[in-house]
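A short worksheet on the structure shown next.
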Amino acid sequence: MSEKIDWAKYVSETEKKIECVEISNSDEAEKKSEDSDKPNPADASLLAKIIRKGLVENKNDIEVQRKDPRSPLYSIKSFEALNLDPNLLKGVYEMGFNAPSKIQETALPALLADPPQNLIAQSQSGTGKTAAFVLAMLSRVDVTKKYPQVLCLSPTYELAIQTGEVAAHMAKFCPEIEMKYAVSGEVVPRNTHLTEHIIIGTPGKVLDWAVKFRVFDLKKLCAFVLDEADVMISMQGHQDQCIRIHKNLNAATCQMMFFSATYDQQVMDFAELIVKNPIIIRLKREEESLDNIRQYYVRCNNPDEKYTAITNIYGTVGIGQAIIFCHTRRTAAWLSEKMSKDGHAVAVLSGDLTVEQRISVLDRFREGKEKVLITTNVLSRGIDVEQVTIVVNFDLPIDMNGKADCETYLHRIGRTGRFGKSGIAINLVDSEKSMGVCKAIEQHFDRKIHLLDTDDSDEIEKIGNGN
Ligand SMILES: Nc1ncnc2c1ncn2[C@@H]1O[C@H](COP(=O)(O)OP(=O)(O)OP(=O)(O)O)[C@@H](O)[C@H]1O
């Protein structure tokens, strides 16, 4: 659990700071990334958005953690109930949104209330947060005023563009609403003033435009959105910039909205610093479970024996498709080369690839062009590949201290046993240390991990047939 940060102290120190310190890509940082191929939260979020084919259904209830006792908080079951501008409602329907998602049912009435309500919303990826705040942003614009009234901050260029595309799509029948990206590559001539109504951008660029070049006035904003807050916090320097921007807003006239896909306390603490007197709502995370998953471990003495175990399994189990997780990019590359040489159709997805390359690898794997996807932790969250029936942990997931990383283990295999399908998880252990990690995972989830002898083809046959 990350240590608690004293955000108030952090803010006062930040406000004394002259410039943000950008993290340098030191050799040490480079070496660390090579060792564990840690997923970059911004890439993971962008990848999930781009390949997602629609809402992630979540049956859990909305939890209202805090609300202003004076203001009624109610939920809606249809977009008509929001009294939206008819052209905006038309845009919502044009996007195929027939009814509000779980988080939208409660967030939208609060976001569109009059007087405006400040809101902090936490809801897992894909549950409709972006669509909710974009609708609120578009609803807050007064097109008769020719200056920026709404600002949305995103952690990266790509995520800002993603949000802008949702806004442009939703405002299809509201051509009078004008938007501008404040991202790298966008230039505003000096001594001009922006006339667009909505600015979507990254913190550094927004600060330059508003504070350094004064091309728009933060004090005149009536709505401020901080999106992907969990990603924002993970990027050095972004908190400082967000705090500087927030300091220039007029809290009395500017509605604050804060969205996060994760539930860390650190994110919540940062939120409460930025958003005063908020309504706090959250959609409890859909619990992934190990039900329907049979777990095994295979004792090996070295990577070559692990490889033999995989080929024994692969040759025998009539599996749909398999994902094999390695701890480092190097191991993933080594394994894929060996399997390809032996004639297996394998794909590799690791931190070496750009987001576009990862998407094309995933698309090919979804289409069944490759039967085995070899990857690292870069793929451990948020990616659903339903036809996967077996996950192999070539290396068991461990954290920075070499201890069992149970959450990553769950994310890795928790997806195979979904939608009633049965899944198989096979863990290759090649040392007392990795055996200890396997035992720690077994104890953590209180689910037996059975010994498997991959030389015994009858036993493997049984696994393949779901016995
Ligand atoms: N009410 C709705 N009805 C149908 N589809 C919806 C609805 N709201 C959003 N979607 C679709 O569901 C997908 C996820 O929505 P959205 O991007 O708003 O979720 P999110 O919670 O912001 O995800 P992330 O946290 O990854 O940004 C998108 O494809 C979006 O078009």
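For ligands, and for the atoms within them, numbers begin at 1 and follow the listed sequence.
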Any idea which of A131, A132, P100, S260 brings a heavy atom closest to atom 18 (O) of ligand 1? A131
Identify, for atom 22 (O) of ligand 1, the protein heavy atom at the shortest distance, and state residue, atom and that distance. T130 OG1, 2.5 Å
Heteroatom proximity flag, L55 to ligand 1, N/O under 3.5 Å: yes
Is there a heavy atom of A99 sitting under 4.0 angstrom from any atom of ligand 1? yes
ring-ring contact (aromatic ring centres under 6.0 Å, His included) between F394 and F325, intermediate numbers included: CA-CA 6 Å; F394 192 86; F325 284 96; over 10 Å; no
Any chance you could lay out the side-chain contact (heavy atoms from CB on, under 4.5 Å) test for H246 and Q241, step after step, and finish with the verdict? CA-CA 9 Å; H246 171 260; Q241 294 166 337; over 6 Å; no
Go through M137 and C152 one step at a time and tell me if the side-chain contact (heavy atoms from CB on, under 4.5 Å) criterion holds. CA-CA 8 Å; M137 284 162 48; C152 175; 3.8 Å; yes
Is there a side-chain contact between V206 and T202 in this structure, where contact means two heavy atoms from C-beta onward sitting under 4.5 Å apart? no
L153 side chain reached by F224 side chain, heavy atoms, under 4.5 Å: yes
What about A261: any of its N or O atoms under 3.5 Å from an N or O on ligand 1? no
Taking only heavy atoms of T127 into account, list the atoms of ligand 1 that are under 4.0 Å away from them. 19 (O), 20 (P), 21 (O)
Identify the closest protein heavy atom to atom 29 (O) of ligand 1: which residue and atom is it, and at what distance? G54 CA, 3.9 Å
Is NZ or CZ of K90 both nearer than 6.0 Å to the six-membered ring centre of F173 and within 45° of the ring axis? yes
Between ligand 1 and S45, is the shortest N or O to N or O distance under 3.5 Å? no
Any N/O pair F97/ligand 1 closer than 3.5 Å: no
With a 4.0 Å cut-off on heavy atoms, is Q162 touching ligand 1? no
What is the nearest protein non-hydrogen atom to atom 26 (O) of ligand 1, stated with its residue, atom name and distance? R52 NH2, 3.2 Å
Are any non-hydrogen side-chain atoms of Q65 and M268 less than 4.5 angstrom apart? yes
Where's the contact between M95 and ligand 1, heavy-atom distance under 4.0 Å: side chain, backbone, both or neither? neither
Out of L82, T106, I279, L119, which one pairs with L111 under the side-chain contact (heavy atoms from CB on, under 4.5 Å) rule? L119
Which ligand 1 atoms does E228 reach within 4.0 Å, using its non-hydrogen atoms? 27 (O)
Please confirm whether S101 comes under 4.0 Å of ligand 1, counting heavy atoms of the residue only. yes
The single option from Q295, H327, R412 that satisfies side-chain hydrogen bond (donor to acceptor under 3.5 Å, both in side chains) with N393 is R412
Does ligand 1 have an atom under 4.0 Å from some heavy atom of G126? yes
Protein heavy-atom contact under 4.0 Å for atom 6 (C) of ligand 1? yes
Do me a favour and list the nearest non-hydrogen protein atom to atom 8 (N) of ligand 1 with residue, atom name and distance? Q104 NE2, 3.0 Å
Numbered atoms of ligand 1 (with element) below 4.0 Å of G128, judged on heavy atoms: 15 (O), 16 (P), 18 (O), 19 (O), 20 (P), 21 (O)
Can you confirm whether V150 sits close enough to I199 that some side-chain heavy atom of one is under 4.5 Å from a side-chain heavy atom of the other? no
If you have a sec, work out which protein heavy atom is nearest atom 21 (O) of ligand 1 and how many Å separate them, to one decimal? K129 NZ, 2.8 Å
If we set the cut-off at 4.0 Å for heavy atoms, which region of K49 has an atom near ligand 1: side chain, backbone, both, or neither? side chain
Is N277 close to Q117 at the side-chain level, that is, under 4.5 Å between some pair of heavy atoms? no
Look at the aromatic rings of F133 and F259 and report parallel, tilted or perpendicular, splitting at 30° and 60°. tilted
